[in-house]
**Q** 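My questions all concern the structure below.
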Amino acid sequence: MALKVYNSLTRKKEEFVPLTQGRVLMYVCGPTVYAMSHIGHARSAVAFDVISRYLRKTYEVRYARNYTDVDDKIIAAANKEGVSSEELAERYIKAFDEDMASLGVAVPDVRPKATETIEKIIEVTRTLIDKGMAYASNGDVFYSVRRKADYGKLSGKKIDELEAGARVDVNESKQDPLDFALWKASKPGEPAWESPWGKGRPGWHIECSAMCMVHLAERIDIHGGGKDLIFPHHENEIAQSEAATGKAPYAKYWLHNGFVNIEREKMSKSLGNILNIREVLENQTGEAVRLFLLGSHYRNPIDYTQDSLKEAEAGLERFYKTVGRIAQECPAALSMKAALVAEKLALVTEAMEDDFNAAGVIGIVFGEVTRINRILDDARGAGVAPSADELAASLALFREVAAFLGVFGATPEDYAARRRAIAAVDAAYVERLIAERNSARKAREFKRSDEIRAELLAKGVVLEDTPSGTVWSVKG
RNA sequence: GGCGGCGUACCCAAGUGGUUAAUGGAGCAGUCUGCAAAACUGCCAUUCAGCGGUUCGAAUCCGCUCGCCGCCUCCA
């Protein structure tokens, strides 16, 4: 078996062969930190989190994800609030990190900031001027798009057609309207750094090229980001990096995640339907959000609806309830050290090696959940003990999958606790009513016991009378 | 107009050349239960937008048609 990945550069699924045997260098475009991060940021981060975790099983991985902390939007937002760009950026970096932690996103190996890479940005810019690929003009420096013969190879665009489109920034200082800024002369009050071209700040695209060179290498294995970044951002990154280093391809595999739509509409400022991660987490566990995001292949568009997250939460509930049953009905399975069943592992591997098909893996997990419940039901019905070996093997499979999917890895108790925390239910109150209801049931006062159950249900608490007593959980 | 993608059950979504087309949610019936809930069992796509073609064989490959979406402007 061999890992295959869809490469945006070749528009094909290709076998994954790293540049250096056994090592993977991976860079993913992170957020521009001027506002709270939204569900789209979450999707990108989760998708590449799973990809990096999976690659780590086989390779030594160095994964960098940047923060764009100097940019027009940051400056605008900071001015509006009357704070410095730096202060604003730091605030949203912190918020982003917290959101990522809520979603179980592992911290990348390196998290560079544009403002910490100015030296390299200036160096690369100077190299591009020296090589005749860029030119300085009134304190700005522009990259000359027409001087690179294969410009447009990632996005499939042709320079002349772009020109015809004419939806490009008109700027007197440019030799060609398509040229893009490597360095921007700063206006008074803007964050600025000294440079050979006067005080200024980096353009958007150059920072990623520079950060890649500093923290990874001149050529990397994987470059990721949202689909919308293909043009112009990644196209320009390729142009700069390859022109500056003379080495190609800059990134061997380009991976792009699809969008999150909200109720069938594109998420956008103008529609006012930007869905922040925090808003979603008010009603759902981070794990459910993650399961929802992983439920479709990372390249496909995914539609967020009111029901979609509830379904993900219901799925998790089913999963943890089943694991809880094993603990109750066959505790021996928990402490056993069981080997993975080769055929099951093969199914999981096959799915993941097909362009990281996490959705397929989730399907396998739920198939296993049904199987476990059947084993437990059969054993209970026959009055015999279930096969601890078999259950332990399933648990081993769950652990294996949880390690790279970042879901299904908690304990049933932790999961239940998080659900209760969201619902903000007073446990003592619930326990008291359950005790009262159980006395009523014992006395066969079913009318009263049903009233209590209805009362709790109205508050979002679901009761279940099991052989080992009454348990409660929070309704999804 | 250029480039890319998608169309699988009531909803979501795997499957991309070969026995009865995963999984989850919803629904219906049954087992269990004081009644429920949960769990399990059965039912729910003879068919994969449509039409042709290639093949012994296609949801899967090719062509065309229809429909939808994204990028081409800041955007995960």
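Keep in mind that what you see is a predicted model, and the values were worked out from it rather than measured. Here is the naming used below: chain letters follow the sequence lines, and residue numbers restart at 1 for every chain.
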**Q** Could you tell me which nucleotide pairs with B/A29 by Watson-Crick or G-U wobble geometry, both distances under 3.5 Å, or answer none if nothing does?
**A**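 By the stated definition (distances under 3.5 Å), B/U41 pairs with B/A29.
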**Q** Classify A/His297 by what it touches in the nucleic acid, base, sugar-phosphate, or nothing, heavy-atom distance under 4.0 Å.
**A**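 Sugar-phosphate, no base atom in range.
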**Q** Taking atom C1' in both B/G63 and B/C56, what distance in whole Å separates the two?
**A**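 22 Å, rounded to whole Å.
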**Q** What's A/Gly40 touching, base or sugar-phosphate or nothing? Going by heavy atoms closer than 4.0 Å.
**A**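 A/Gly40: base contact, heavy atoms under 4.0 Å.
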**Q** Answer with base, sugar-phosphate or nothing: what part of the nucleic acid does A/Gly363 contact at a heavy-atom distance below 4.0 Å?
**A**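 Since a base atom lies under 4.0 Å of A/Gly363, the category is base.
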**Q** Within less than 4.0 Å of OP1 or OP2 of B/G5, is there a side-chain N or O belonging to A/Tyr6?
**A**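 Yes, A/Tyr6 has a side-chain N/O under 4.0 Å of OP1/OP2 on B/G5.
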**Q** Would you classify A/Thr305 as touching base, sugar-phosphate or nothing, given that sugar-phosphate means primed atoms plus P, OP1 and OP2, and contacts are heavy atoms under 4.0 Å?
**A**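 The answer is nothing, as A/Thr305 stays clear of every strand by at least 4.0 Å.
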**Q** B/A37, OP1 or OP2 - any side-chain N/O from A/Arg453 closer than 4.0 Å?
**A**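 Negative; the distance criterion is not met.
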**Q** What's the gap between B/C64 and B/G1 when it is taken at their P atoms, as a whole Å value?
**A**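 It comes out at 15 Å once rounded to the nearest Å.
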**Q** Write down the partner of B/G1 under the Watson-Crick or G-U wobble criteria, each distance required to be under 3.5 Å.
**A**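 Base-paired to B/C72.
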**Q** Say we look at B/A38 and B/C74: how far apart would their C1' atoms be, to the nearest angstrom?
**A**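 Taking atom C1' in both B/A38 and B/C74, they lie 49 Å apart.
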**Q** Report yes or no: is the cationic atom of A/Arg146 (NZ for Lys, CZ for Arg) closer than 6.0 Å to the six-membered ring centre of A/Tyr151, at no more than 45° off its axis?
**A**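 Geometry flag: not set, cation outside 6.0 Å or 45°.
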**Q** What does B/C56 pair with, Watson-Crick or G-U, if both distances are under 3.5 Å?
**A**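 Per the H-bond distance test, B/G18.
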**Q** Is the phosphate of B/C69, meaning OP1 or OP2, less than 4.0 Å from a side-chain N or O of A/Asn261?
**A**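 No, outside the criterion.
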**Q** Contact class for A/Lys266 vs. all strands (heavy atom < 4.0 Å): base, sugar-phosphate, or nothing?
**A**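 Answer is base: heavy atoms of A/Lys266 come under 4.0 Å of a base.
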**Q** My understanding is that a pair needs two contacts under 3.5 Å, Watson-Crick or G-U wobble. By that rule, which nucleotide pairs with B/C6?
**A**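 In the structure as shown, B/C6 has B/G67 as its Watson-Crick or wobble partner.
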**Q** Classify A/Ser155 by what it touches in the nucleic acid, base, sugar-phosphate, or nothing, heavy-atom distance under 4.0 Å.
**A**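 Here A/Ser155 touches the backbone only, sparing every base.
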**Q** Identify whether any heavy atom of A/Leu229 sits under 4.0 Å from a base atom; if not, whether one sits that close to sugar-phosphate; answer base, sugar-phosphate or nothing.
**A**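 Sugar-phosphate contact only - A/Leu229 comes under 4.0 Å of backbone atoms but never of a base.
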**Q** Using the C1' atom in both, what is the distance from B/U73 to B/C68, to the nearest Å?
**A**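 It works out to 23 Å between them.
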**Q** Should A/Thr466 be listed as having a side-chain N or O under 4.0 Å from OP1 or OP2 of B/C32?
**A**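 The answer is no; no side-chain N or O of A/Thr466 sits under 4.0 Å from OP1 or OP2.
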**Q** With distance as the sole criterion, do the side chain of A/Arg441 and the base of B/G34 form a donor-acceptor contact below 3.5 Å?
**A**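 Side chain to base: pair found, below 3.5 Å.
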**Q** Nearest heavy atom decides the nucleotide; on that basis, is A/Gly367 or A/Gly258 closer to the 5' end of RNA chain B?
**A**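 Whichever sits nearer the 5' end wins; that is A/Gly367.
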**Q** Nearest-Å distance, NZ (A/Lys157) to P (B/G4)?
**A**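 Checked: the NZ to P distance equals 9 Å.
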**Q** Would you indicate what A/Arg299 reaches in the nucleic acid, counting non-hydrogen atoms under 4.0 angstrom: base, sugar-phosphate, or nothing?
**A**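 Nothing, no nucleic acid heavy atom in range.
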**Q** Measuring only the C1' atom in each nucleotide, how far is B/A22 from B/U65? A whole number of Å is fine.
**A**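 So the two C1' atoms sit 31 Å from each other.
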**Q** Tell which nucleotide pairs with B/G34, taking only Watson-Crick or G-U wobble pairs whose two distances are both under 3.5 angstrom.
**A**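 Checking every strand shown, B/G34 finds no partner, since no pair has both distances under 3.5 Å.
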**Q** Under 4.0 Å between any heavy atoms, over every strand shown, what does A/Val471 touch: base, sugar-phosphate, or nothing? Just pick one.
**A**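 Contact class for A/Val471: none.
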**Q** Tell me the interatomic distance from A/Phe259, atom CZ, to B/C75, atom P, rounded to whole angstroms.
**A**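 Computing the A/Phe259:CZ to B/C75:P distance gives 11 Å.
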**Q** Provide, to the nearest angstrom, the distance between the CZ atom belonging to A/Phe319 and the P atom belonging to B/U23.
**A**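 Computing the A/Phe319:CZ to B/U23:P distance gives 17 Å.
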**Q** Nearest whole Å is fine: how far is B/A37 C1' from A/Leu463 CG?
**A**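 To the nearest whole Å, that distance equals 9 Å.
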**Q** For A/Glu235 and A/Gly152, indicate whether the former's side chain and the latter's backbone hold a donor-acceptor pair under 3.5 Å.
**A**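 Yes; at least one donor-acceptor contact below 3.5 Å.
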**Q** Remember a base hit wins even if backbone is also touched, and classify A/Gly152 as base, sugar-phosphate or nothing at under 4.0 Å, heavy atoms.
**A**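 Nothing: the residue A/Gly152, judged by heavy atoms under 4.0 Å, touches no strand.
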**Q** Hey, which of these two, A/Lys13 or A/Glu464, hits RNA chain B nearer its 5' end, going by closest nucleotide?
**A**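 Its nearest nucleotide being more 5', the pick is A/Lys13.
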**Q** Please work out if A/Asn373 contacts a base, only the sugar-phosphate, or nothing of the nucleic acid, heavy-atom cut-off 4.0 Å.
**A**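 Sugar-phosphate, backbone atoms only, no base.
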**Q** Over all strands shown, is A/Lys227 touching base, sugar-phosphate only, or nothing at heavy-atom distances under 4.0 angstrom?
**A**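 If one applies the 4.0 Å heavy-atom cut-off, A/Lys227 turns out to touch nothing in the nucleic acid.
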**Q** Any N or O donor-acceptor pair under 3.5 Å from the base of B/G15 to the side chain of A/Asn357?
**A**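 Under the 3.5 Å cut-off, the side chain and the base do not form any donor-acceptor pair.
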**Q** Classify the nucleic acid contact of A/Asp354 as base, sugar-phosphate or nothing, counting any heavy atom under 4.0 Å across all strands shown.
**A**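 Sugar-phosphate: the residue A/Asp354, judged by heavy atoms under 4.0 Å, touches backbone atoms but no base.
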**Q** Are any of A/Arg264's side-chain N or O atoms less than 4.0 Å away from OP1 or OP2 of B/C12?
**A**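 A/Arg264 to B/C12 OP1/OP2: side-chain N or O found under 4.0 Å.
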**Q** Quick one: which of B/C35, B/C72, B/C75 gets closest to the side chain of A/Asp228?
**A**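 When the side chain of A/Asp228 is considered, B/C75 is the closest of B/C35, B/C72, B/C75.
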**Q** Among A/Arg448, A/Arg453, A/Arg441, A/Lys442, find the one that has a salt bridge (Lys or Arg N to Asp or Glu O under 4.0 Å) with A/Glu436.
**A**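 Only match with A/Glu436 under salt bridge (Lys or Arg N to Asp or Glu O under 4.0 Å): A/Arg448.
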**Q** Using modelled atom types and a 3.5 Å cut-off, is there a donor and acceptor pairing between side-chain atoms of A/Thr470 and backbone atoms of A/Thr466?
**A**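 The answer is no, because no donor-acceptor pair under 3.5 Å joins these two groups.
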**Q** Establish, with yes or no, whether the OP1 or OP2 oxygen of B/A38 is under 4.0 angstrom from a side-chain nitrogen or oxygen of A/Arg325.
**A**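 Checking A/Arg325 against B/A38: no side-chain N or O falls below 4.0 Å of OP1 or OP2.
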**Q** Determine whether the aromatic ring centres of residues A/Phe408 and A/Phe398 are separated by less than 6.0 angstrom.
**A**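 No - the distance between ring centres of A/Phe398 and A/Phe408 does not fall below the 6.0 Å cut-off.
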**Q** Does any nucleotide pair with B/C48 by Watson-Crick or G-U wobble geometry, both distances under 3.5 Å, and what is it?
**A**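 B/C48 is unpaired by these criteria.
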**Q** Name the closest nucleotide to the A/Thr370 side chain, picking from B/G34, B/C40, B/A37.
**A**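 Closest nucleotide among those given: B/C40.
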**Q** What's the gap between B/A13 and B/G53 when it is taken at their C1' atoms, as a whole Å value?
**A**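 That atom pair is separated by 30 Å.
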**Q** Ring centres of A/Phe180 and A/His205 under 6.0 Å apart?
**A**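 Yes; A/His205 has its ring centre under 6.0 Å from that of A/Phe180.
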**Q** What nucleotide, of B/U41, B/C71, B/C11, holds the atom closest to the side chain of A/Glu311?
**A**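 Nucleotide nearest to A/Glu311's side chain: B/C11.
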**Q** Write down the distance separating the C1' atoms in B/C48 and B/A9, rounded off to the nearest Å.
**A**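 10 Å, rounded to whole Å.
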**Q** Which part of the nucleic acid, if any, lies within reach of A/Asn300 when heavy atoms closer than 4.0 Å are counted: base, sugar-phosphate only, or nothing?
**A**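 The residue A/Asn300 makes sugar-phosphate contact but no base contact.
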**Q** Are OP1 or OP2 of B/A37 and a side-chain N or O of A/Trp472 less than 4.0 angstrom apart?
**A**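 A/Trp472 to B/A37 OP1/OP2: no side-chain N or O under 4.0 Å.
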**Q** Using atom P of each nucleotide, how far apart are B/U23 and B/C44 to the nearest Å?
**A**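 B/U23 and B/C44 have their P atoms separated by 14 Å.
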**Q** Find the distance A/His233:NE2 to B/C74:P and express it as a whole number of Å.
**A**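 Going from A/His233 (NE2) to B/C74 (P), I get 12 Å.
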**Q** Whole-Å distance between B/A37 P and A/Arg318 CZ?
**A**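 These atoms are roughly 16 Å apart.
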**Q** In whole Å, I'd like the distance from the CG atom of A/Asp465 to the P atom of B/A38.
**A**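 After rounding, the gap between these two atoms is 13 Å.
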